[in-house]
Amino acid sequence: MKANNVTSASPDGDASFRDVATAHVPFRLGRLLLWAVILIVTVDFTWIVARNENFGWPVVAQYFFDPTVISGLYVSLGLTVVAMTLGTIIGLALAIARMSDDRLASSFAALFIWFFRGTPLLVQLIFWYNLSTLFPQLSLAVPFGPTLASWDTNSVITPMTAAIVGLALNEAAYMAEIIRGGLLSVDRGQTETAEAFGMTRARALWRIIIPQAMRSIVPPTGNQLISMIKATSLVSVIAMADLLYSVQSIYNRTFEIIPMLLVAVIWYLLITSILNVGQSYIEAYYGRGERRNGAEAKPTDTGAAVEEPSH
Amino acid sequence: MSAVQITKPLVEVRDVHKSFDQLEVLKGIDLDIMPGEVVVILGPSGSGKSTLLRCINHLEAVHRGFIAVDGEQIGYRIQNNRLEKLSPNGIARQRRKIGMVFQQFNLYPHMTVLQNIIEAPVGIHGESRKEATRNALQLLERVGLSEKAHSYPRQLSGGQQQRVAIARALAIKPKLMLFDEPTSALDPELVGEVLATMRDLARQGLTMIVVTHEISFAREAADRVVFMDDGKIVEMGKPDDVIGNPQHSRTKAFLARFL
Ligand SMILES: Nc1ncnc2c1ncn2[C@@H]1O[C@H](COP(=O)(O)OP(=O)(O)OP(=O)(O)O)[C@@H](O)[C@H]1O
Ligand SMILES: [Mg+2]
């Protein structure tokens, strides 16, 4: 009979030698060289840019915290937050409508998404801004019946409202598809379980489905948010004083185009970086049940040791 | 002789038919289940066992006949002497006295074990968080998983997950528990721990309907065994009779595989 020795399949090397805890990573020369080349090129390029007079770094520094720039920055950030929030809420409603059994609701959502994704944002913004030429009066009325209230369109649609409405509705169309994809990614058994326990649909969505969908909703939403910050620069065409508009207004006076654009670029990059950090925290939060070996949820020291997943 | 206590059945299934498109899956099922009874449903794959279970808590609607649990016809109500379909929220309310355990466990992966268990009691049944937590910890002790209260489902073995799923279903203090092949997704060495938990529940007088392929469980824990084939109940009776001395040829053929 041939004994097959399983405990040490390889003849050479004793057990202590083969303990993986003693394993080390071999030195990789090629990788090191690659790193060195990339590092040198990057440093060199930075050096060249920094010393190039045409970039006008002193001007950049001088205007970086200019009140006009800062107020433009606030406008851009404010628009982003408001439009993104509205867009997400409307997008969620659209996603639910799109997935419902109700033909009317799902067709309406499909039509909305089709229209707002299919036309350029710039054109949409200009349309909203010029709404008064299409509908001089906005009125609240019973269809085909009496008018209850009526406003002059120009007094309602300021550059600000045009910008918010335009950005939010466009965003809603994209968020609707992102959210729908997320909701579809959740195991069908979860909905069924919630149903079997007698949860209402709204509660099942809120407590069970959406928290799990967040894992696949957050990364593309991060993308959308960053796109949105840059998309706010489009509102400068309808005379909203956003970040880009404010640096433009300065270089129209001083003719220092490149340095002023650099001011805007650096601000955009700063905001984006902060958002990236925020995103990774949010992703970690919604991935908390995924780590097989991750830390267990820490019980709080009080008896009622349950932490509500806050959302 | 003492007076015979007349109890109404907890579950009444009357002439139930159910089809998916053209395929008739349930072909006239009649079944009464008394409070405290443990009924095990056996039958070959595709015979309609899961479908019957899912009809009982109205995850699927039946096409003919009716099903009532605790005197209430699930999914409907009588209004002005006419039967009326209930709204989704109305059905949700009726389901709250029925617990269900799934083949794939279906724990909520984003919640800890404890949160999984108190979700329904706190969120749906309006228990206080403190009360629900105390109750949940007791249930965890009963299924032997006290130390896992703050783990996430993915950190548990299959058998442990299924025991948590049972605790979660018990937390709503159900009048009726439905089990759909609770051990089929488990490795053989983990089946025992789940069956032991279920045997405990059976002894404590919980009304249970269990779909399973575990013949030994049926023999030891069931008050009645129902054998289904091709959408019909073929044979039904005491475990010793149906399993020990089957009358119908299809029951014999089915059981022969387990000997
Ligand atoms: N949602 C559905 N749509 C269409 N057909 C279905 C659906 N659910 C079940 N069926 C069909 O109904 C029949 C009975 O299915 P059911 O799941 O009740 O069988 P089962 O007895 O539980 O089998 P198993 O032991 O394999 O779980 C099968 O032929 C199945 O293909
Ligand atoms: Mg089944």
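FYI, side chains are in, hydrogens and waters are out, and symmetry mates aren't considered; it's all heavy atoms of this structure. To find a chain, count down the sequence lines: A is the first, B the second, and so on, and within it residues start at 1.
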For B:His110 versus A:Arg288, what's the shortest heavy-atom pair and its separation?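 That closest heavy-atom pairing would be O-NH2, 3.2 Å.
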
Test side-chain contact (heavy atoms from CB on, under 4.5 Å) applied to A:Ile208 and B:Met111, step by step: CA-CA 9 Å; A:Ile208 308 299; B:Met111 296 183 182; 3.9 Å; yes

Among residues 90-108 of chain B, which residues come closer than 4.5 Å to chain A, judged by heavy atom distances?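 Residues B:Ala92, B:Arg95, B:Arg96, B:Ile98, B:Met100, B:Phe102, B:Asn106, B:Leu107, B:Tyr108 are the ones that qualify, each having a heavy atom under 4.5 Å from chain A.
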
Does anything in residues 165-183 of chain B get under 4.5 Å of chain A by heavy atoms, and if so which residues?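 Contacts with chain A: B:Arg168, B:Ala169, B:Ile172.
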
Measure distances from A:Arg201 to the heavy atoms of chain B and classify the residue's part below 4.5 Å as side chain, backbone, both or neither.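 The answer is both parts of A:Arg201.
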
Can you tell me if CD on B:Glu84 sees more than 12 non-hydrogen neighbours from other groups inside 6.0 Å?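 Yes, the 6.0 Å shell around CD holds more than 12 heavy atoms from other groups.
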
Near B:Phe20 CZ, under 6.0 Å, is it more than 12 heavy atoms from other residues, nucleotides or ligands?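 For B:Phe20, atom CZ is crowded (more than 12 foreign heavy atoms under 6.0 Å).
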
Top contributor to chain A interface from B:Ala136, B:Pro88, B:Ala120, B:Gly123 [non-hydrogen pairs under 4.5 Å]: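 Going by pairs under 4.5 Å, I would pick B:Gly123.
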
Please determine whether a side-chain nitrogen of the Lys or Arg among A:Arg203 and B:Glu119 lies less than 4.0 Å from a carboxylate oxygen of the Asp or Glu.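 So A:Arg203 pairs with B:Glu119 through a salt bridge.
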
Can you list everything that forms a side chain to side chain contact (heavy atoms under 4.5 Å, CB included) with B:Val38? Sequence neighbours excluded, please.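 B:Ala202, B:Met208, B:Asp223.
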
Go through the atoms of B:Pro109 and report whether side chain, backbone, both or neither lie under 4.5 Å from a heavy atom of chain A.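 Both parts, heavy atoms under 4.5 Å.
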
Pairwise salt bridge (charged side-chain N to carboxylate O under 4.0 Å, His left out) hits with a residue in residues 100-113 of chain A, at least two apart: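 Salt bridge (charged side-chain N to carboxylate O under 4.0 Å, His left out) check on residues 100-113 of chain A returns no pairs.
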
